[in-house]
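Data first, discussion second: the structure below is written as C-alpha coordinates.
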Amino acid sequence: MKELVERIKKLYPEPTVELNFSNPFELLVALILSARCTDKRTNIITKELFKRYPTPKDLAEAPVEEIDKIISSCSMHNTKSKNLKALSEILVRDFNGEVPKSLEELTKLPGVGRKTANILLSMAYGIPAIGVDTHVKRLAYRLGISKSENPEGIEEDIKKAVPKEDWIVFYTGLILHGRRVCKARKPNCDGCPLNDICPKIGVK
DNA sequence: CTCCCGATAT
DNA sequence: ATATCAGGAG
(Lines give C-alpha, C1' and ligand atoms only; values in the text may rest on other atoms or scores of the structure.)
Protein backbone atom coordinates (compact mmCIF):
# COMPACT_ATOMS: atom_id res chain seq x y z
CA MET A 1 0.00 0.00 0.00
CA LYS A 2 2.82 2.38 0.90
CA GLU A 3 4.53 1.53 -2.37
CA LEU A 4 1.29 2.16 -4.26
CA VAL A 5 0.89 5.62 -2.72
CA GLU A 6 4.47 6.55 -3.67
CA ARG A 7 3.99 5.34 -7.24
CA ILE A 8 0.73 7.23 -7.70
CA LYS A 9 2.33 10.39 -6.30
CA LYS A 10 5.25 10.05 -8.68
CA LEU A 11 3.03 9.36 -11.69
CA TYR A 12 0.49 12.11 -10.95
CA PRO A 13 2.24 14.60 -8.62
CA GLU A 14 -0.20 17.46 -9.09
CA PRO A 15 -3.81 17.10 -7.83
CA THR A 16 -5.88 17.70 -10.93
CA VAL A 17 -9.51 17.94 -11.96
CA GLU A 18 -10.03 17.77 -15.70
CA LEU A 19 -13.08 19.99 -15.48
CA ASN A 20 -12.67 23.65 -16.37
CA PHE A 21 -13.50 26.10 -13.57
CA SER A 22 -12.29 29.40 -12.18
CA ASN A 23 -14.03 29.49 -8.77
CA PRO A 24 -15.80 27.15 -6.31
CA PHE A 25 -19.23 27.85 -7.79
CA GLU A 26 -18.09 26.89 -11.27
CA LEU A 27 -16.52 23.69 -9.97
CA LEU A 28 -19.75 22.82 -8.16
CA VAL A 29 -21.79 23.31 -11.32
CA ALA A 30 -19.30 21.36 -13.43
CA LEU A 31 -19.31 18.47 -10.96
CA ILE A 32 -23.10 18.25 -10.99
CA LEU A 33 -23.16 18.23 -14.78
CA SER A 34 -20.40 15.64 -15.00
CA ALA A 35 -22.47 12.80 -13.52
CA ARG A 36 -22.58 10.02 -16.13
CA CYS A 37 -21.29 12.47 -18.71
CA THR A 38 -17.80 12.80 -20.18
CA ASP A 39 -15.64 15.67 -18.92
CA LYS A 40 -15.11 16.71 -22.53
CA ARG A 41 -18.81 17.35 -23.03
CA THR A 42 -19.17 18.89 -19.59
CA ASN A 43 -16.44 21.41 -20.46
CA ILE A 44 -18.21 22.33 -23.70
CA ILE A 45 -21.45 22.88 -21.81
CA THR A 46 -19.98 24.85 -18.90
CA LYS A 47 -18.17 27.22 -21.25
CA GLU A 48 -21.51 28.32 -22.67
CA LEU A 49 -23.33 28.15 -19.34
CA PHE A 50 -20.81 30.29 -17.44
CA LYS A 51 -20.75 32.83 -20.24
CA ARG A 52 -24.54 33.19 -20.09
CA TYR A 53 -24.90 32.86 -16.30
CA PRO A 54 -21.64 33.69 -14.49
CA THR A 55 -22.88 33.90 -10.88
CA PRO A 56 -25.25 32.01 -8.57
CA LYS A 57 -27.59 34.99 -8.78
CA ASP A 58 -27.64 34.81 -12.58
CA LEU A 59 -28.38 31.10 -12.54
CA ALA A 60 -30.99 31.46 -9.80
CA GLU A 61 -32.87 34.02 -11.89
CA ALA A 62 -32.55 32.13 -15.18
CA PRO A 63 -35.58 30.36 -16.68
CA VAL A 64 -35.17 26.63 -16.07
CA GLU A 65 -36.03 25.98 -19.75
CA GLU A 66 -33.09 28.13 -20.81
CA ILE A 67 -30.71 26.26 -18.52
CA ASP A 68 -32.07 22.96 -19.81
CA LYS A 69 -31.58 24.05 -23.40
CA ILE A 70 -27.91 24.85 -22.80
CA ILE A 71 -27.18 21.57 -21.03
CA SER A 72 -29.45 19.39 -23.19
CA SER A 73 -26.56 17.39 -24.70
CA CYS A 74 -25.70 16.13 -21.22
CA SER A 75 -27.26 13.05 -19.66
CA MET A 76 -30.08 13.61 -17.16
CA HIS A 77 -30.28 17.25 -18.18
CA ASN A 78 -33.86 17.65 -17.04
CA THR A 79 -32.98 16.75 -13.46
CA LYS A 80 -29.72 18.69 -13.56
CA SER A 81 -31.26 21.92 -14.84
CA LYS A 82 -33.81 21.91 -12.03
CA ASN A 83 -31.13 21.13 -9.46
CA LEU A 84 -28.82 23.87 -10.74
CA LYS A 85 -31.51 26.51 -10.47
CA ALA A 86 -32.72 25.35 -7.04
CA LEU A 87 -29.17 25.08 -5.75
CA SER A 88 -28.31 28.56 -6.96
CA GLU A 89 -31.38 29.97 -5.24
CA ILE A 90 -30.26 28.39 -1.96
CA LEU A 91 -26.71 29.72 -2.35
CA VAL A 92 -28.05 33.23 -2.86
CA ARG A 93 -30.65 33.03 -0.07
CA ASP A 94 -28.75 31.12 2.63
CA PHE A 95 -25.05 31.46 1.84
CA ASN A 96 -24.67 35.00 0.49
CA GLY A 97 -23.91 33.59 -2.95
CA GLU A 98 -20.93 31.59 -1.65
CA VAL A 99 -20.34 27.83 -1.81
CA PRO A 100 -20.30 26.37 1.73
CA LYS A 101 -17.19 24.63 3.03
CA SER A 102 -18.61 21.68 4.96
CA LEU A 103 -19.75 18.24 3.89
CA GLU A 104 -22.97 18.61 5.86
CA GLU A 105 -24.01 21.87 4.21
CA LEU A 106 -22.93 20.79 0.73
CA THR A 107 -24.78 17.48 0.74
CA LYS A 108 -28.01 19.24 1.68
CA LEU A 109 -27.90 21.07 -1.66
CA PRO A 110 -30.05 19.51 -4.42
CA GLY A 111 -27.99 17.32 -6.74
CA VAL A 112 -24.97 17.34 -4.44
CA GLY A 113 -24.02 14.00 -2.90
CA ARG A 114 -21.01 12.81 -0.99
CA LYS A 115 -18.73 12.39 -4.01
CA THR A 116 -19.43 15.86 -5.39
CA ALA A 117 -19.01 17.44 -1.95
CA ASN A 118 -15.69 15.72 -1.26
CA ILE A 119 -14.19 16.67 -4.60
CA LEU A 120 -15.37 20.24 -4.18
CA LEU A 121 -13.97 20.54 -0.65
CA SER A 122 -10.59 19.17 -1.69
CA MET A 123 -10.13 20.81 -5.07
CA ALA A 124 -11.78 24.18 -4.44
CA TYR A 125 -10.78 24.69 -0.80
CA GLY A 126 -7.82 22.36 -0.28
CA ILE A 127 -9.56 20.51 2.55
CA PRO A 128 -8.29 16.90 2.91
CA ALA A 129 -10.97 14.52 1.60
CA ILE A 130 -11.45 11.42 -0.54
CA GLY A 131 -13.87 11.69 -3.44
CA VAL A 132 -15.05 8.24 -4.44
CA ASP A 133 -16.27 8.41 -8.01
CA THR A 134 -16.58 5.65 -10.60
CA HIS A 135 -12.82 5.61 -11.20
CA VAL A 136 -11.79 5.46 -7.54
CA LYS A 137 -14.36 2.73 -6.98
CA ARG A 138 -13.08 0.68 -9.91
CA LEU A 139 -9.38 1.12 -9.14
CA ALA A 140 -9.81 0.51 -5.41
CA TYR A 141 -11.34 -2.82 -6.35
CA ARG A 142 -8.83 -3.85 -9.03
CA LEU A 143 -5.82 -2.77 -6.97
CA GLY A 144 -7.14 -4.54 -3.88
CA ILE A 145 -7.24 -1.33 -1.82
CA SER A 146 -10.78 -1.96 -0.60
CA LYS A 147 -13.17 -4.86 -0.67
CA SER A 148 -16.10 -2.59 0.09
CA GLU A 149 -18.86 -2.17 -2.47
CA ASN A 150 -20.20 1.15 -1.24
CA PRO A 151 -18.41 4.51 -1.64
CA GLU A 152 -18.35 5.32 2.07
CA GLY A 153 -16.63 2.06 2.90
CA ILE A 154 -14.05 2.64 0.17
CA GLU A 155 -13.56 6.18 1.45
CA GLU A 156 -12.87 4.91 4.97
CA ASP A 157 -10.46 2.21 3.77
CA ILE A 158 -8.43 4.75 1.80
CA LYS A 159 -8.41 7.20 4.71
CA LYS A 160 -7.02 4.50 7.00
CA ALA A 161 -4.36 3.37 4.54
CA VAL A 162 -3.10 6.74 3.26
CA PRO A 163 -1.52 9.62 5.24
CA LYS A 164 -3.91 12.55 5.49
CA GLU A 165 -1.53 14.91 3.71
CA ASP A 166 -1.64 12.56 0.70
CA TRP A 167 -5.41 12.06 0.52
CA ILE A 168 -6.02 14.57 -2.24
CA VAL A 169 -3.05 13.73 -4.45
CA PHE A 170 -3.79 10.02 -4.02
CA TYR A 171 -7.45 9.94 -4.96
CA THR A 172 -7.00 12.42 -7.81
CA GLY A 173 -4.09 10.26 -9.00
CA LEU A 174 -6.33 7.21 -8.98
CA ILE A 175 -8.87 9.10 -11.06
CA LEU A 176 -6.29 10.23 -13.62
CA HIS A 177 -4.88 6.71 -13.84
CA GLY A 178 -8.40 5.32 -14.23
CA ARG A 179 -9.13 7.73 -17.05
CA ARG A 180 -5.87 7.17 -18.93
CA VAL A 181 -4.75 3.61 -18.28
CA CYS A 182 -6.98 1.53 -16.01
CA LYS A 183 -10.12 2.19 -18.03
CA ALA A 184 -13.43 0.48 -17.38
CA ARG A 185 -13.83 -1.34 -20.67
CA LYS A 186 -10.31 -1.91 -21.96
CA PRO A 187 -7.70 -1.51 -19.21
CA ASN A 188 -4.18 -1.21 -20.63
CA CYS A 189 -2.45 -3.57 -18.23
CA ASP A 190 0.47 -4.14 -20.62
CA GLY A 191 1.38 -0.47 -20.60
CA CYS A 192 0.54 0.10 -16.95
CA PRO A 193 3.33 1.28 -14.62
CA LEU A 194 1.54 -0.39 -11.72
CA ASN A 195 1.35 -3.76 -13.44
CA ASP A 196 3.92 -5.44 -11.17
CA ILE A 197 2.14 -4.55 -7.93
CA CYS A 198 -1.48 -4.86 -9.10
CA PRO A 199 -3.50 -7.97 -8.20
CA LYS A 200 -5.87 -7.11 -11.07
CA ILE A 201 -8.90 -8.27 -9.14
CA GLY A 202 -11.80 -8.85 -11.52
CA VAL A 203 -9.80 -7.82 -14.60
CA LYS A 204 -10.20 -10.18 -17.55
C1' DC B 1 -33.82 -1.16 -5.74
C1' DT B 2 -35.35 2.15 -9.87
C1' DC B 3 -35.31 6.24 -12.41
C1' DC B 4 -32.96 9.93 -14.77
C1' DC B 5 -31.19 9.68 -20.06
C1' DG B 6 -27.53 12.25 -24.45
C1' DA B 7 -23.11 11.25 -26.47
C1' DT B 8 -19.46 8.32 -27.32
C1' DA B 9 -16.23 4.21 -27.40
C1' DT B 10 -15.97 -0.39 -28.34
C1' DA C 1 -25.86 -3.04 -30.23
C1' DT C 2 -24.58 -1.75 -25.68
C1' DA C 3 -21.48 -0.41 -21.85
C1' DT C 4 -19.90 3.59 -20.03
C1' DC C 5 -19.29 8.38 -19.04
C1' DA C 6 -15.88 12.60 -12.31
C1' DG C 7 -23.90 10.23 -9.47
C1' DG C 8 -27.88 11.48 -6.81
C1' DA C 9 -32.67 11.18 -5.26
C1' DG C 10 -36.81 8.75 -3.97
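Throughout, a chain's letter reflects where its sequence line sits, starting with A, and its residues are numbered from 1. All values reported here derive from a predicted model rather than from experimental measurement.
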Item to complete: May I ask you to verify if any side-chain N or O of A:Thr116 is less than 4.0 angstrom from the OP1 or OP2 atom of C:dG7?
Response: no

(message) C:dC5, OP1 or OP2 - any side-chain N/O from A:Arg138 closer than 4.0 Å?
(response) yes

task: Answer yes if the side chains of A:Ser148 and A:Tyr141 hold a donor-acceptor pair under 3.5 Å, and no otherwise.
output: no

| said: Between A:Arg7 and A:Glu3 (salt bridge meaning N to carboxylate O under 4.0 Å), is one present in this structure? | reply: yes

note: A:Leu139, atom CG; C:dT4, atom P; distance rounded to Å ~ 14 Å

Item to check | Sugar-phosphate only, base, or nothing, as touched by A:Ser75 at under 4.0 Å among non-hydrogen atoms | outcome: base

- Quote, to the nearest angstrom, the P distance that separates C:dA1 from B:dC4. 23 Å

For A:Ser81, answer base if it contacts any base atom (sugar-phosphate contacts may also be present), sugar-phosphate if it contacts only those atoms, and nothing otherwise; contact means non-hydrogen atoms under 4.0 Å. nothing

Atom NZ of A:Lys183 and atom P of C:dA3 are separated, to the nearest Å, by 18 Å

- Message: What contact category does A:Cys37 fall into here, base, sugar-phosphate, or nothing, at under 4.0 angstrom with non-hydrogen atoms?
- Response: base

Is the distance from OP1 or OP2 of C:dA6 to the nearest side-chain N or O of A:Arg36 less than 4.0 Å? no

Which value, in whole Å, describes the distance between the P atoms of nucleotides C:dG10 and B:dC5? 14 Å

Closest to the 5' end of DNA chain C, once A:Lys108 and A:Leu176 are matched to their nearest nucleotides, is A:Leu176

With a 4.0 Å cut-off on heavy atoms, is A:Ile32 in touch with a base, just the backbone sugar-phosphate, or nothing at all?
-> nothing

Once you apply a heavy-atom cut-off of 4.0 Å, does A:Ser72 come out as touching a base, just sugar-phosphate, or nothing? sugar-phosphate

DNA chain B nearest-nucleotide lookup for A:His77 and A:Lys40: closer to the 5′ end is A:His77

TODO: Examine the side chains of A:Thr107 and A:Arg114 and answer whether a donor and an acceptor come within less than 3.5 Å of each other.
DONE: no

In whole angstroms, the gap separating P of C:dG8 from CG of A:Asp133 amounts to 10 Å

(message) Regarding A:Ile45, tell me which of base, sugar-phosphate or nothing describes its non-hydrogen contacts under 4.0 Å with the strands shown.
(response) nothing

* Asked: Do A:Val92 and A:Ile32 share a hydrophobic cluster, counting only Ile, Leu, Val, Met, Phe, Trp and Tyr and linking them when any side-chain heavy atoms are less than 4.5 Å apart?
  -> no

*Select base, sugar-phosphate, or nothing to describe what A:Ile119 touches, counting heavy atoms under 4.0 Å on all strands.*
nothing

note: A:Lys137, atom NZ; C:dG8, atom P; distance rounded to Å ~ 12 Å

Comparing nearest nucleotides in DNA chain B, the 5'-proximal residue of the pair A:Lys186, A:Ser73 is A:Ser73

- Task: Would you indicate what A:Asn78 reaches in the nucleic acid, counting non-hydrogen atoms under 4.0 angstrom: base, sugar-phosphate, or nothing?
- Result: sugar-phosphate

To the nearest angstrom, the NZ-C1' distance between A:Lys82 and B:dC5 comes to 13 Å

Is the phosphate of B:dT8, meaning OP1 or OP2, less than 4.0 Å from a side-chain N or O of A:Arg41? yes

Margin query: Between A:Lys69 and A:Glu66, does any NZ, NE, NH1 or NH2 come within less than 4.0 Å of an OD or OE carboxylate oxygen?
Written below: yes

When rounded to whole Å, the CZ to C1' distance for the pair A:Arg180 and C:dC5 reads 16 Å

To the nearest angstrom, the CG-C1' distance between A:Leu109 and C:dG7 comes to 15 Å

| message | Quick test of your reading of the model: are A:Lys2 and A:Glu6 salt-bridged, counting only N-O distances below 4.0 Å? | response | no

query = Base, sugar-phosphate, or nothing for A:Val112, non-hydrogen atoms under 4.0 angstrom?
reply = sugar-phosphate

Atom NE2 of A:His177 and atom C1' of C:dA6 are separated, to the nearest Å, by 17 Å

Nearest-nucleotide check on DNA chain C, A:Thr38 vs A:Thr107; residue mapping nearer the 5' end is A:Thr38

Taking C:dG8 as the reference, what is the distance to B:dA7 when you measure between their P atoms (whole Å, please)?
22 Å

Without hydrogens or angle criteria, can the side chains of A:Asp58 and A:Thr55 be said to hold a donor-acceptor pair below 3.5 Å? yes

Picking from B:dC5, C:dA6, B:dT10, the nucleotide nearest the side-chain atoms of A:Met76 would be B:dC5

